[in-house]
Amino acid sequence: MPELPEVETICRGITPFILNKKITKIIINRTDLRWPIPKNLSSYLKKSVISQITRRSKYILLTTTKGTVIIHLGMSGKLLILPKNHTPIKHEHVIFHLDNGYTLSFVDPRRFGTILWTTNDPNEHKLIKPLGLEPFASNFNGSYLQAKAVNRKISIKQFLMNNSNVSGMGNIYTNEALFLAKLNPQTLVTNISAKQWQSLAKQIQVILNQAIEQGGTTLKDYRNSENQQGNFKVFLQVYDRKDLKCYKCNNIIQHFRQNQRSTYFCPQCQKK
DNA sequence: ACATTGACCTGGGAGC
DNA sequence: TGCTCCCAGGTCAATG
């Protein structure tokens with residue numbers, strides 16, 4: 001489900017409710033997610049205070065006085081701020097009780113998400129360490145992308161979907177960024193000019209910024225920490241617009257399956 | 001080292 | 001109504 005803008009929206013949404021709050025209790029209803037949730041998370045973190053909430057790629061990091069919680073939402077994960085005595089929700093796997101009367105609840109029907117814990121530098125964690133630059137990092141630009149693509153024999157779509165190249169991009173915003181940069185999703189990375197890399201880097205930032213402003217994209221499931229939908233769906237240029245007219249040129253948006261994922265593009269605006 | 005495929009899950013919608 | 005099939009905002013491990 002959530003890509004960078006959605007995860008960023010969730011981070012911003014939960015921060016006022018959990019920053020500097022003490023974790024009084026953690027209830028774990030099931031541990032068998034993408035990676036097993038540590039059973040003793042509660043004993044590790046009880047009475048610790050959340051001192052910082054940060055996003056790294058699609059991960060949410062909760063820095064506490066006793067270690068760092070690493071959260072990934074997978075395809076269907078939500079983090080909800082709820083009153084302490086709320087009625088249980090289906091698929092509510094982990095519930096952090098806080099000393100302000102709220103809970104931070106992790107709800108994830110498909111269980112592709114996870115919650116992990118480390119006392120070491122989270123940037124050294126095996127899931128975090130391989131990640132590429134954040135798109136809003138000061139050294140993120142066309143040259144960075146081009147250097148990452150040297151000698152690679154893959155399409156630009158596949159390249160962007162790999163978070164060790166750029167972190168935070170998923171299927172929606174990859175499709176959208178390629179449209180804005182006028183690049184065909186099947187173009188091989190070796191055939192992209194420096195100027196095109198530069199444009200792509202710029203458009204990645206543009207699309208992500210716009211989506212963050214709108215609180216992300218809700219196709220079906222995505223909800224922010226207050227269980228509200230994101231508003232960016234109506235701004236999508238190609239994603240989920242199969243057989244509809246391109247807003248720029250009126251040609252018909254095409255859809256096909258590329259590396260097991262849905263790809264949408266305008267054959268006129270994004271020629272090979 | 002890199003590219004591709006399978007696997008992990010639940011739920012919703014289309015088609016019959 | 002109900003059954004089957006296909007699809008979905010992700011990504012790691014195994015395989016070539």
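Numbered from 1 within each chain, the chains take letters A, B, ... in sequence-line order.
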Whole-Å gap separating C1' (C:dC12) and CD (A:Gln158): 15 Å

Touch class at under 4.0 angstrom, heavy-atom based, for A:Tyr59 against every strand present: sugar-phosphate

Sugar-phosphate only, base, or nothing, as touched by A:Pro109 at under 4.0 Å among non-hydrogen atoms: sugar-phosphate

Spacing between A:Ile71 atom CD1 and C:dT11 atom P, to the nearest angstrom: 15 Å

Aromatic plane relationship, A:Phe17 with A:Tyr102 - under 30° parallel, 30 to 60° tilted, over 60° perpendicular: perpendicular

Sugar-phosphate, base or nothing in reach of A:Lys90, heavy atoms under 4.0 Å: sugar-phosphate

Contact residues, residues 161-179 of chain A to DNA chain C [heavy atom, < 4.0 Å]: A:Asn163, A:Gly170, A:Asn171, A:Ile172

Nucleotide nearest A:Lys126 when distance is taken to its side chain, options B:dG11, C:dA8, C:dA13: C:dA13

Pair of N/O donor and acceptor under 3.5 Å linking B:dA3 base with A:Arg152 side chain: no

OG on A:Ser105 to CD1 on A:Ile95, rounded to 0.5 Å: 5.0 Å

A:Phe256 vs A:Phe265, ring pair (Phe, Tyr, Trp, His ring centres under 6.0 Å): CA-CA, chis, key distance, verdict: CA-CA 9 Å; A:Phe256 69 104; A:Phe265 73 107; 5.7 Å; yes

Atom-pair distance (CG on A:Leu219; P on C:dA8), nearest Å: 10 Å

A:Asn259 CG - C:dC12 C1' separation (whole Å): 16 Å

Cation-pi geometry met for A:Arg241 and A:Tyr247 (6.0 Å, 45°): yes

Donor on one side chain, acceptor on other, A:Thr218 and A:Gln229, under 3.5 Å: no

Whether A:Phe159 and A:Trp197 hold their rings parallel, tilted or perpendicular, with breakpoints at 30° and 60°: perpendicular

Pairwise P distance, C:dA14 and B:dC9 [rounded to whole Å]: 16 Å

Distance-only donor-acceptor check, side chains A:Lys157 and A:Asn171, under 3.5 Å: yes

Pairwise 5' ranking along DNA chain C for A:Trp35 and A:Arg110, keeping only the more 5' one: A:Arg110

Phosphate contact (B:dC9 OP1 or OP2) by A:Arg34 side-chain N/O below 4.0 Å: no

Residue mapping more 5' on DNA chain C - nearest nucleotide basis, A:Lys58 or A:Gln260: A:Gln260

Check: A:Thr65 side chain, A:Val49 main-chain N or O, donor-acceptor pair, under 3.5 Å: yes

Nucleotide nearest A:Met75 when distance is taken to its side chain, options C:dC12, C:dT11, C:dA8: C:dA8

Side chain of A:Arg261 - closest among B:dG11, C:dA8, C:dT11: C:dT11

Separation of A:Leu127 CG from A:Lys58 NZ (nearest 0.5 Å): 13.5 Å

Any donor-acceptor pair under 3.5 Å from A:Lys271 side chain to A:Leu183 backbone: no

Between P of C:dA8 and NZ of A:Lys233, the distance in whole Å: 13 Å

Pairing annotation in dot-bracket form, given for DNA chain C with Watson-Crick or G-U pairs under 3.5 Å and | for cross-strand partners: .|||||||.|||||||

Out of C:dA8, B:dT10, C:dG10, whichever nucleotide has its closest atom nearest the side chain of A:Ser262: C:dA8

Most 5' of A:Lys220 and A:Asn151 on DNA chain B, judged by nearest nucleotide: A:Asn151

Interatomic distance where CZ belongs to A:Phe112 and P belongs to C:dC12 [whole Å]: 13 Å

A:Lys242 NZ - C:dC6 P separation (whole Å): 14 Å

Per A:Ile154 side chain, nearest of listed nucleotides C:dT11, B:dA3, C:dA8: B:dA3

Sugar-phosphate only, base, or nothing, as touched by A:Glu6 at under 4.0 Å among non-hydrogen atoms: nothing

Spacing of A:Arg111 atom CZ relative to B:dA7 atom P, expressed in whole Å: 17 Å

Contact under 4.0 Å: A:His91 side-chain N or O vs B:dC9 OP1/OP2: no

Backbone of A:Ala211 reached by a side-chain donor or acceptor of A:Tyr173 within 3.5 Å: no

